[in-house]
Amino acid sequence: MVNQKAYELGSKRSVIREIFEYAKKRSEEIGAENVFDFSIGNPSVPAPAAVNETICRLVTQTPSVALHGYTSAQGDKTVRDTIAAKLQSRFGVEITGDLLYMICGAAASLTIALHALTVNEGDEFIVFAPFFTEYRVFVEGAGAKLIALPSNEALLPDFKALKSALNPRVRGVLINSPNNPSGVVYGQNTLEELAEILRAASKEYGQPIYLISDEPYRELIYDETTKVPFPMTVYDDTVVCYSYSKALSLPGERIGYIAVSPKAKEKSKLYAAVCGAGRKLGFVCAPALFQRVAAECDGLTGDLSVYKKNRDLLYGILTDCGFSCVYPDGAFYLFMKSPEADAYAFCERAKKYGLLFVPSDDFGCKGFVRIAYCVATERIESAKKRFEMLAKEYGLQ
Ligand code: PLP
């Protein structure tokens with residue numbers, strides 16, 4: 001006998017993985033040059049040089065036992081203190097290393113945060129569509145219920161819907177900015193309005209409603225005018241789930257952290273619950289070498305000018321073709337309106353031209369596709385003609 005829920009999850013791939021696998025198969029059949037795989041958010045720029053330099057230095061200069069041995073369950077103290085000091089200087093928050101928990105990327109940090117905050121079976125966590133497909137798995141895995149609310153036209157939270165969804169079972173609101181799949185960034189005003197609503201509801205129910213901020217794309221913004229406010233500076237009861245997967249182009253190395261706000265009312269209890277959830281789920285002592293690499297390279301990024309170039313090129317091609325797109329301020333995804341109501345059907349048609357995107361249905365909203373532009377720029381240039389042919393099929397050109 002096996003656990004039915006785990007069996008079901010494990011025997012079915014996510015729609016993104018499904019398309020990614022299809023791309024590999026198709027490349028073998030018709031040649032990789034004829035397959036334009038815009039399905040997956042795998043960083044296409046190399047890690048900054050400092051990453052490999054740091055690895056080489058650490059490996060050659062640190063005694064092996066010290067370098068590769070267990071760290072504290074919540075992460076090496078020097079690592080946590082270093083990252084906390086950087087958060088202090090970047091965002092002006094009074095955070096210390098004893099509120100940080102080093103962890104294997106955002107997926108694990110979200111899982112832990114959700115377990116730490118779920119009090120009773122059926123507690124609720126609110127997200128705004130479109131949202132990262134795995135949120136449902138993480139929330140339900142913690143024994144809670146995912147409440148998916150709509151966004152407004154600009155794909156920012158629908159605050160009216162939020163006000164009517166809040167109730168004493170809501171433990172937290174989970175946001176992701178810059179957003180996967182839309183590329184939208186929540187600005188200061190959006191966060192302040194959200195914070196005001198959560199403060200009022202927390203007061204009414206006599207318990208904090210947490211803001212959980214999923215931030216793997218924090219540094220991936222392309223215009224000087226785009227600012228990503230640090231949620232802890234706006235709302236006290238915040239937990240940040242950060243990952244180095246995208247900024248440092250290290251998704252396979254599995255490193256990130258959870259940061260509990262120093263102003264959270266229950267900060268010590270919450271931090272202990274994070275440690276307890278990590279222990280319960282077996283997420284202790286994140287990869288030791290990469291904890292140290294993260295501490296030294298925190299705040300650096302790969303060459304973001306490549307993503308900016310890709311974004312501008314792709315947005316230009318698609319809008320010239322007559323497609324309607326959400327302008328992406330950050331991350332490396334472009335959200336495009338499907339020219340037919342059924343985004344799956346549109347993706348099937350695009351496949352005929354070797355163009356592979358992800359239909360928006362699994363992101364909690366219908367009628368869009370996600371196009372990941374973390375690819376070689378040449379792939380976007382070569383895809384231009386195919387986008388034009390696709391647009392013609394819909395009479396857009
Ligand atoms: N959250 C979002 C919004 C993501 O897009 C991803 C990965 O693509 C994750 C979390 C998981 O990231 P990680 O690789 O750090 O586990």
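Just so you know, ligand 1 is whichever comes first in the structure, and atom 1 is the first atom listed for that ligand.
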Interfacing atoms of ligand 1 (cut-off 4.0 Å, heavy-atom, [X]):
| X | answer |
| --- | --- |
| Ser243 | 13 (P), 15 (O) |
| Ala107 | 11 (C), 13 (P), 16 (O) |
| Asn176 | 3 (C) |
| Asn180 | 3 (C), 4 (C), 5 (O) |

Answer with yes or no whether [X] contacts ligand 1, where contact means a heavy atom under 4.0 Å from a ligand atom.
| X | answer |
| --- | --- |
| Pro216 | yes |
| Arg254 | yes |
| Tyr217 | yes |

Sub-3.5 Å donor-acceptor pair from the side chain of [X] to the main-chain atoms of [Y], do we have one?
| X | Y | value |
| --- | --- | --- |
| Asp76 | Val79 | yes |
| Asp158 | Lys160 | yes |
| Arg379 | Glu33 | yes |
| Asn176 | Asp214 | yes |

Non-neighbouring partners of Thr111 that pass side chain to side chain donor-acceptor pair (under 3.5 Å), sequence neighbours left out: none
Counterpart residues, side chain to side chain donor-acceptor pair (under 3.5 Å), relative to Arg279 (two or more places apart):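 Counting only residues at least two positions away or on another chain, Arg279 forms no side chain to side chain donor-acceptor pair (under 3.5 Å).
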Side chain proximity check, Val139 to Lys145, heavy atoms < 4.5 angstrom: no
Validation row: Val369, Ser360 side chains within 4.5 angstrom (heavy atoms):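 No, their side chains stay 4.5 Å or more apart.
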Shortest heavy-atom approach to atom 2 (C) of ligand 1 - which of Thr133, Ile16, Ile103, Asp214: Asp214
Protein residue, atom and distance nearest to atom 7 (C) of ligand 1, heavy-atom basis: Lys246 NZ, 3.5 Å
Top protein contact for atom 9 (C) of ligand 1, by heavy-atom distance: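 Nearest protein contact, heavy atoms only, for atom 9 (C) of ligand 1 is Phe132 CE2, 3.5 Å.
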Any N or O of Ala106 closer than 3.5 Å to N or O of ligand 1: yes
Ser245 contact mode with ligand 1 (heavy-atom cut-off under 4.0 Å):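 Near ligand 1, Ser245 shows its side chain, while the N, CA, C and O stay back.
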Part of Glu134 within contact of ligand 1 (heavy atoms, under 4.0 Å):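 Neither part.
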Partner of Arg311 by side chain to side chain donor-acceptor pair (under 3.5 Å), out of Tyr333, Tyr222, Tyr327: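 Looking at Tyr333, Tyr222, Tyr327, the match for Arg311 under the side chain to side chain donor-acceptor pair (under 3.5 Å) is Tyr327.
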